[in-house]
Structure formats: C-alpha cells, structure tokens
Number of protein chains: 2
Amino acid sequence: MSYSSNHLSNSISLNVKGTHIIDEKDDSQLVSTNDIALPNQKPLNHVGIDIGGSLTKIVYSSKLENGGKLNFESIETSKVEQIIDRLKEVLKLHYGFDPDSDSGEQNEVIIMATGGGAFKYNQLLLDEIKCPVVKTDEMQSLIVGLDFLITRIPDEIFTIDEHFSYNSVQCLEDPNIYPYLLVNIGSGVSMIKVTANNTFTRVSGSSVGGGTLWGLLSILTAANDFDEMLALAQDGNNENVDLLVGDIYGRGYNKIGLSADAIAASMGKAFKKVTADVKIPEDASAEEIRARRLERLLAFDQKDIAKSLLFAISNNIGQIAFLEAQRCGISKIFFAGSYIRNHPQTVKTLSYAVKFWSNNQQSAYFLRHEGYLGSLGAFLSKRASDDAQ
Amino acid sequence: MSYSSNHLSNSISLNVKGTHIIDEKDDSQLVSTNDIALPNQKPLNHVGIDIGGSLTKIVYSSKLENGGKLNFESIETSKVEQIIDRLKEVLKLHYGFDPDSDSGEQNEVIIMATGGGAFKYNQLLLDEIKCPVVKTDEMQSLIVGLDFLITRIPDEIFTIDEHFSYNSVQCLEDPNIYPYLLVNIGSGVSMIKVTANNTFTRVSGSSVGGGTLWGLLSILTAANDFDEMLALAQDGNNENVDLLVGDIYGRGYNKIGLSADAIAASMGKAFKKVTADVKIPEDASAEEIRARRLERLLAFDQKDIAKSLLFAISNNIGQIAFLEAQRCGISKIFFAGSYIRNHPQTVKTLSYAVKFWSNNQQSAYFLRHEGYLGSLGAFLSKRASDDAQ
C-alpha cells in the first residue's frame, strides 16, 4: 500500500479559555447534541458543513451572555431542502445575513464545506445561500476537528467500562498525546496515525465497516435506517446464530485459552440450520426458489442477526485497530465516525475488543462530538485569506 | 487473552526417502485428492480420521509396487453410514482386517481419531469397526500434519500469482523454517505460531471466518453447500454491491493512496439501494413485511453478494494474518483449513491480501493437502504404546 503524509495549513485559533460542554439539550433543534460554550470568544462570521453520504453535519457559532458558543446539528443528506432552509435560518438568526433579502447592508458570511457532497452541492449552496463556499480537504478537516476536541475541550473524551458507564477523560493538552491512532469508521474504515499537531498519515484501513453492517442488515432485516438496526441489535441474542467455543468443544475444553462463551464463528450456526431445514433442489421452479429463499430469510430472528453482525464487525475493527497500533508503536486509539453514533453496545464492543486483544494494556477512547470531526474541522480551517474569496 | 504452549509427544517417523505426490486421480474414490507415495516405507497397521463438523477426512496406508502410499479421502460427516462402510472396505482391502468377520486370525488395526466427532462417534466406531480407537488432540494433530507436509513432502507447498498460476515451493527441510504462522480457517479462524518441530502456541484468531461466509450466504443465496457458493462467487461482480474508492471520491482523488478500484466498503452499495427502493412502513401488515423483505433479498444478484463476501472475508483474514505475523516477528504464513478448498479465487484473495498489506514483502503459502492436516496428524501421532490399548 502507499502512504500520504500531510501538514495542514494554519487554521483559525479560538480563545478556549473557560470553554466547556453545555449540558442542556435544545429540543427545538432538528438533531441535537451538546453545544460547546466559548465564554471568551466572540461569534465568528462563518459556518462549517460536512456533507456526507448519509448525514450532513453543521457547525455554527452564536452568541451567549458571555462570549459565544459552537452549535452542532445534523440532517439527513437526502433532505436537501431542509438543509438549505436550516442554513438560511441559522444565518438570519445568528449571523445577521438573510440570503433572501436584497438589502446591501448585510454581514459577510462564508461557508466552509467538506465531505463528498461539498462538490456535488457546491452550485446549489452558491445559488441558495448566496455567499462564498470554501471547500476543505476531508481528511485534513477530520484531523483538525479531532485535534481541537481532544486537546482543547474538557470532558470531550471518554472511555467506557463493562457496565456501560462513561469515564470522562480530561483534555489532553500535553505534547505526550502524540502519536495517536484515529480509527474513523464510516462506510469503510480509515486508520490515521497522527504524530504531531496537524501532521498525519493514513496507515491502514478496512473494507469491513459501517457500509458492510448497514448493507447486510438492510437485506437481512426490515429496518429502514441505522437507528432501527441498532434498536434491533439491542434486543437480540447472538447465541442463536453465532457458534460459540462451547458449542464446538463443550464446556470442559480450555486448551486454546478461550472461554466457552467466546464467539468461535460469527453467524456460524446459520449454515447448518439452513441447509438442513431448507434445501433448494436444482430443478426447483422460479416460484419455489423464491418461496424457499424467503423461508431461509425468516429462519432466524432479525434481532439475533443484527446483534451478531454488530458484534462481529465491531470486534473485527477493534482487533485490526489494536494490531495496527502495535505495528506503529502507538498506545492511544481514538474511535470516531458515523458507525458509532454513541451507541452503547457499539462503544462497548470496540472498547472490549481493544482491551481483550491488548491483554488489558490499552484503552479505546471515544468522543462526545464524534460525528462532527469533519464539520468542526472545516469550521476551524477558515483562514483570513478566505474572507477575500 | 491467554496462551497455551504445547510440546507434542513423539510421533511415528515414516521413511520418506523417495517420497512424492502421485499425480493421478482415482475416480473410484468418493472424493479424490493426490495420494503420496512412500517407496521405502511398508504399509502401517493404523488409520487416521478427522471427524469435523462438516467433513470427515480419512488417511490410510496401502501397498504400492515399491513400498507403500498414503491415501486421502473425505466424506460429509452427516453421511455416517457411508463413512463406516468406507472404513470397513479400506480395512478389508488394505489392512487384512474384516470387522464383519468372526475369524480370530486377523491383523491388528488401530483407528487414530481427532476432531469434534472423535468424541461424539467414539462408541459407534468401536461398535462397528471393532478395533481400538485412540483419540488425539485436535490442534496438536493439525500441527503434526502440517509439519510433516511442509518439511517432508516435495511439491506440497505452493504460492499463487495474480494470474492464478501455481508456483511449487520445494520442501522446507531446514531449521530456518521456524517460526512460522499457521492460519487455519474453518468455521472460525485460529492463528498458531510454530516455533520448532512440534512446539506451538495459539496466538490469535478471528470469529469472522468460514462459518460467517457460509452462514450469510446460506441465507442470502439459494446455494445448498460450500461448493455451490464458490461457484456463484466465481461468476459474480462485486462492484454491483461494493462501494469502491472511486465511487466516493471519483477517479481523480488519490490523496489517501488507494486506487479508485479498491474496495472502500464491502456491501457498501446495498443500504442506499434497499432503503431508497424498498421502504418498510412501521404500520405494514405481516404479509406486507414478508413481501417487502423478499423484495429486498431479490434486489441483488446472489452471485455479486457471494463474490463480495468471499472477497471481504478472505481479505480480512489476510490482513489480520499479516498484522499478527508482524506482531510475532514471523515472516512465513501458511493458510489451511476447510474454508480454502483449493478454490482459486479464495487462494488468490488471501495471497493478494498478504502481498498488499506487507507491501510485497511477504508471501502466503498454501498446501496441496490443506484439508488433511488433522487426519494426517492423527495418523502420524500413533505411538508404539497405542498398540497395547
């Protein structure tokens, strides 16, 4: 494989004195997450937007009694009109700029955009929002956003223990934080080694990621979106479809050092059951084949399959992340990306995998704003020269 | 994780002078593979059998004009009567022992048995074959069989290039062969570090293996067995269901150092298509849900899914094997187990994965008798003291 190494151009620096995550939820927002107070920073004149394949994430600044705050919102990318309407609303309310007004006396505003959709929707943004759009590199934005969150924002980072409880980790504003590994799980998985402030290399990846889980579960279950899939997994019992070590060796065998409850083969019970119960003869009619294939699909509880595959893929990513960190001589692993969605079981499985494979020597770190690395990075990537564009 | 390290008890040593793989196929056998001639070794009085979850493998010795040979056969484990009949036939033809005869003047014969079924079918073997059955440890048998094949049998090992052509590797009868990593892919994956003749440790594994591929494909396709699944994969086009790097970034983007044809997300095209084309409303009737779920299942060509998942899982195993070999400071990786079945695309994908991830520094090694490691190991594990049992 080949590598790329990048130094980022200077980005804006915010005054983070007194910054903290605001622990209230604003139910009027489309999708809410916890905003970040910046008591010593005046609101800025730009917006960050990350237009991903499924979700569009928006970061914007607004006034607080003291200083300002950063706001985080996300909308499904397919709902383009809703995105445009929300952007217009935000600019009108918080930036003193009304894209639909003809008045010449308006503030100047800039949209900093990243993600695949930044190219696809560039013209639409220009036409509708009527202000400059500056595109930022996707991976650079990711790292800028991550670096800011982990080095500047108290209580941003957390680890999770086996009882699902969050342990907040204080911000890592010390030079020893480097190197660290960012495991970004979207449709695919990217593993990025960060060796210094804004210096990074993509070291590895995996094609078995969110796209694989969502793709398989969209065929194997009746779920219509990620959240429905996760809800199914929450209630499933993977032991109905997974082959456990105990299923193979019985409860007594411990020669290979694995507990009888360990998963020997994910989905390992399915083949035997299907081929025993639902044979499809070679000379079956098209009608008959359809009926049998449906029978095979319905031979399992979709919840059990959802849990099995969520475990399999999360554990697999955790294992590769641990091995890659070992290979690169890195001890800190941060997980982020749209796969995680702060879902307790996903976070727990990734965390457990790192602990298991590292023999309890390493921990997985997670972020409260994990879905917003790219949009926040785009927001932070604004340079003075962008104003002139 | 915990580890186990094992020294094997001494096993029999065969005279391998002049040994070679016989390149004829005997079509009268149930399942045929290439037998191994042992011109300087007299036939022995025992049989090796590995009763696995799906396949039972038998190794027995017979006479040749000069010396003897080792015969390799396999029968589906579910066909128990066929296994017993074949064993009786082999013993009658080649061992001078007829289990159904009352004559006292018969040769002594021993069955050396391994695999999960060695316990389950122990009594049946005793009742039907009427000779002693000695059970051998599964993992030890695997390693004994492997060590014999790679250090004693010329032309046993091969590598494969990108044009599917076999490159025979001469037998590795030198002490530098150690350490090597055995990646045994059955329902699950075991990775075993072998540091000296018959000294080994299980260092890692993965639950994403053959059981996962066969389990998913038994639900997602109309195939009834592994070979039908592999035949489907052979004709499929994974680009219809996988998300390629080029699908995300277009053809021009090369920042992350991946070619546009690389797979970014296995099955990564399925979610969007399914959720766009076949929504399942919350208030759908049971009837309607079944119809929609069948529609989702039929939204894709089963061949494309078979190929996508064969690629995904083979590549994933290859990646973990490479990383695990790196972590253990090992450069030689042998792949074996019932997942491989000497299927060209599987062998090619595993091989490609090791080359890709190691930056062309490592090769994957395969074995012509890869399905027979356990049964051969059981055969070779016979000690003089077993005769007395």
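Checked by atom type and distance alone, the side chain of A:E324 never pairs as donor or acceptor with a backbone atom of B:L323 at under 3.5 Å. Side-chain atoms of B:N224 do not come within 3.5 Å of backbone N or O of A:K279 as any donor-acceptor pair. Side chain of A:R296 to backbone of B:S218: a donor-acceptor contact under 3.5 angstrom is found.
The contact between B:A222 and chain A is made by backbone and side chain atoms together, counting heavy-atom distances below 4.5 Å. Contacts between B:K269 and chain A at a heavy-atom distance below 4.5 Å are absent for every atom of the residue. B:I192 does not touch chain A: none of its heavy atoms, backbone or side chain, sits under 4.5 Å away. Residue A:L298 touches chain B through its side chain alone, counting heavy-atom pairs closer than 4.5 Å. Using a 4.5 Å cut-off between heavy atoms, A:A223 touches chain B through its backbone atoms (N, CA, C, O) alone. In this structure, chain A has no heavy atom under 4.5 Å from any part of B:F119.
The minimum heavy-atom distance linking B:G205 with A:Q319 is given by the pair O-NE2, 2.9 Å. A pairwise comparison of heavy atoms in A:A265 and B:G211 identifies CB-CA, 4.4 Å as the closest pair. Heavy atoms only, all atoms of each residue included: B:I219 and A:M267 are closest at CD1-CE, 3.8 Å.
Under the side-chain contact (heavy atoms from CB on, under 4.5 Å) rule, B:S207 has a single partner from A:D242, A:I263, A:L244, which is A:I263.
Residues A:V208 and B:N315 fail the side-chain proximity criterion, which asks for heavy atoms closer than 4.5 Å. Two residues are said to be in side-chain contact when any heavy atoms from C-beta on lie closer than 4.5 Å; B:L297 and A:L294 fail this criterion. With a 4.5 Å cut-off on side-chain heavy atoms, B:L220 and A:L220 count as touching. Contact check for B:W357 versus A:R327: no side-chain heavy atoms found under the 4.5 Å cut-off.
In this structure, A:E295 CD and B:R290 CZ are separated by 8.5 Å, a value rounded to the nearest 0.5 Å.
The most heavy-atom pairs under 4.5 Å with chain B, out of A:G116, A:A299, A:S206, come from A:S206. The candidate from A:V189, A:T221, A:T275, A:V241 with the greatest count of non-hydrogen atom pairs under 4.5 Å with chain B is A:T221.
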Walk me through it: do B:S266 and A:T212 pass the test side-chain hydrogen bond (donor to acceptor under 3.5 Å, both in side chains)?
CA-CA 5 Å; B:S266 300; A:T212 316; 4.7 Å; no
